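If you're wondering where the values come from, they're calculated on a predicted model, not measured in any experiment. Count residues from 1 along the sequence. For ligands, and for the atoms within them, numbers begin at 1 and follow the listed sequence.
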Amino acid sequence: MSSIINKDQQHVWHPFTHLKSAETPVHIVKGEGAYFYDAEGNKLLDVISSWWVNLHGHCHPYISQKISEQLHTLEHAIFSSFTHEPAVTLAERLIGHLPENQSKIFYSDNGSTAVEVGLKMVLQYWHNKGIQKKKFIAFENAYHGDTFGGMSVGARNVFNNAFENLLFDVIHIPLPDEGNIEQLKDTLQTWFTNHNDIAGFIFEPLVQGAAGMLMYEAKYLDDLIAICQNNKIICIADEVMTGFGRTGNFFASDYLTQQPDIICLSKGLTGGFMPLGVTSCAKFIYDACVCDDKTKTFFHGHSYTANPTACSAALASLDLMEKEETWQQIKLISELHNEFVKKHIGHKSLSDIRSKGTIIALEIKTEEHTHYLNRASESMASYFLKHGIIVRPLGNVLYLIPPYCITESELKSVYTTIEDFLNQL
Ligand SMILES: *Cc1c(COP(=O)(O)O)cnc(C)c1O
């Protein structure tokens, strides 16, 4: 065992890790393009964008350069009563890309805080209006992060067992589909007519990531947003995972006709270089906090709010997102995924295969039910690792969410490995 691994085992507690059974972690020493390099000299193709954050490849020289320049100018500055160019320019440019109704940008540090801020904006809005509304609607199987608010609106499952009785009550509704949409609309309308305590509706638009890349159609989400907004329920799109091209459009919300009132961003925001979260909102939400009464201030903030270095990474990543080549790559990945799905629908080892934009998911048939602790996960991960590919299945759901710099031949070699894997099952 190398000394780094030894010391890691001695001093470090890893996230989402079953401490007793986990294999020793892989020691990564370098990243370049779509590859990681481990301490043993292995070159590993990263088809999960390092926990869904990387967009343009590891150590992209342009982003690294911009961060380095910023680090030599202003590394951090308090953001209450002070401001700086990277945060202001980033806000302006994000608003240029977000749905038209989005008007203000609130910064935080990660996806969970971006969600937490969104939930608190909703509650602050109703509080400032002097109206008692505190309940949220969310989807079954949802994942919105690991803070208490994020856990509360998330599904009740193994992720939050230990905290369950401390989470606030949420109305969980099933994902909409052709079969249940009419009934779902009726149920919601009945609720809204009989209860006036519902404050907001939060959802992962089109793809529920941590749930196992579950996908649903924009038109049904449109229906639900419309019925909520008609009843003055504030809608939050959690685009922490789906943002920045993942679903084939800049934002998953771009597939919608309705416009969410609040949008949460993180993961791809900085191209995967620095932690940063954004919660954007429509003007009416911000305006509810513009009043003479100081007790109606939105009292939320983090020490590192709008960190200039993180903002400069996000600006550099946006420069790349605005390039034609990036969109050609997104299109190429989406088309290749699509072809692979078509080719393998009905495969004997699969209970489902689906894709949306640059995300593809395969549900492997196993004896056990489809869920996060399904034992298929570890054996799949080690099979692919032996073939030089990094995946991190969600239980028996194998998925790819590659950085946009991956080449056609690299992606095809991953497909071949998947086929080999399926055929030996
Ligand atoms: C990852 C994720 C989060 C949490 O983001 P963190 O940066 O890990 O805190 C929230 N919502 C969605 C949809 C996510 O995929």
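Counting atoms of ligand 1 from 1 in the listed order, those under 4.0 Å from a heavy atom of E204 are 13 (C). Every atom of ligand 1 is numbered from 1 in the order shown, and the set under 4.0 Å from a heavy atom of G145 is 4 (C), 10 (C).
To the nearest 0.5 angstrom, I233 atom CD1 is 5.5 Å from I137 atom CD1. How far CG of L74 is from CD of E69: 14.0 Å, rounded to the nearest 0.5 Å. For the atom pair L256 CG and K219 NZ, the distance stands at 13.5 Å (nearest 0.5 Å).
With atom 2 (C) of ligand 1 as the reference point, the heavy atom nearest to it among E116, M241, K267 is part of K267.
Put simply, the side chain of I202 does not reach to within 4.5 Å of the side chain of F139, judged on heavy atoms.
The single protein non-hydrogen atom nearest to atom 12 (C) of ligand 1 is D238 OD2, 3.4 Å, given as residue, atom name and distance. Ranking protein heavy atoms by distance to atom 7 (O) of ligand 1, first place goes to G111 N, 2.8 Å. Nearest protein heavy-atom neighbour of atom 9 (O) of ligand 1: S112 OG, 2.6 Å.
Contact annotation for H144 and ligand 1: only backbone heavy atoms (N, CA, C, O) come within less than 4.0 Å of the ligand. Counting heavy atoms under 4.0 Å from ligand 1, residue W52 touches it through the side chain alone.
A side-chain N or O of T242 and one of E239 form a donor-acceptor pair less than 3.5 Å apart.
A pairwise comparison of heavy atoms in Y415 and H337 identifies OH-ND1, 2.7 Å as the closest pair.
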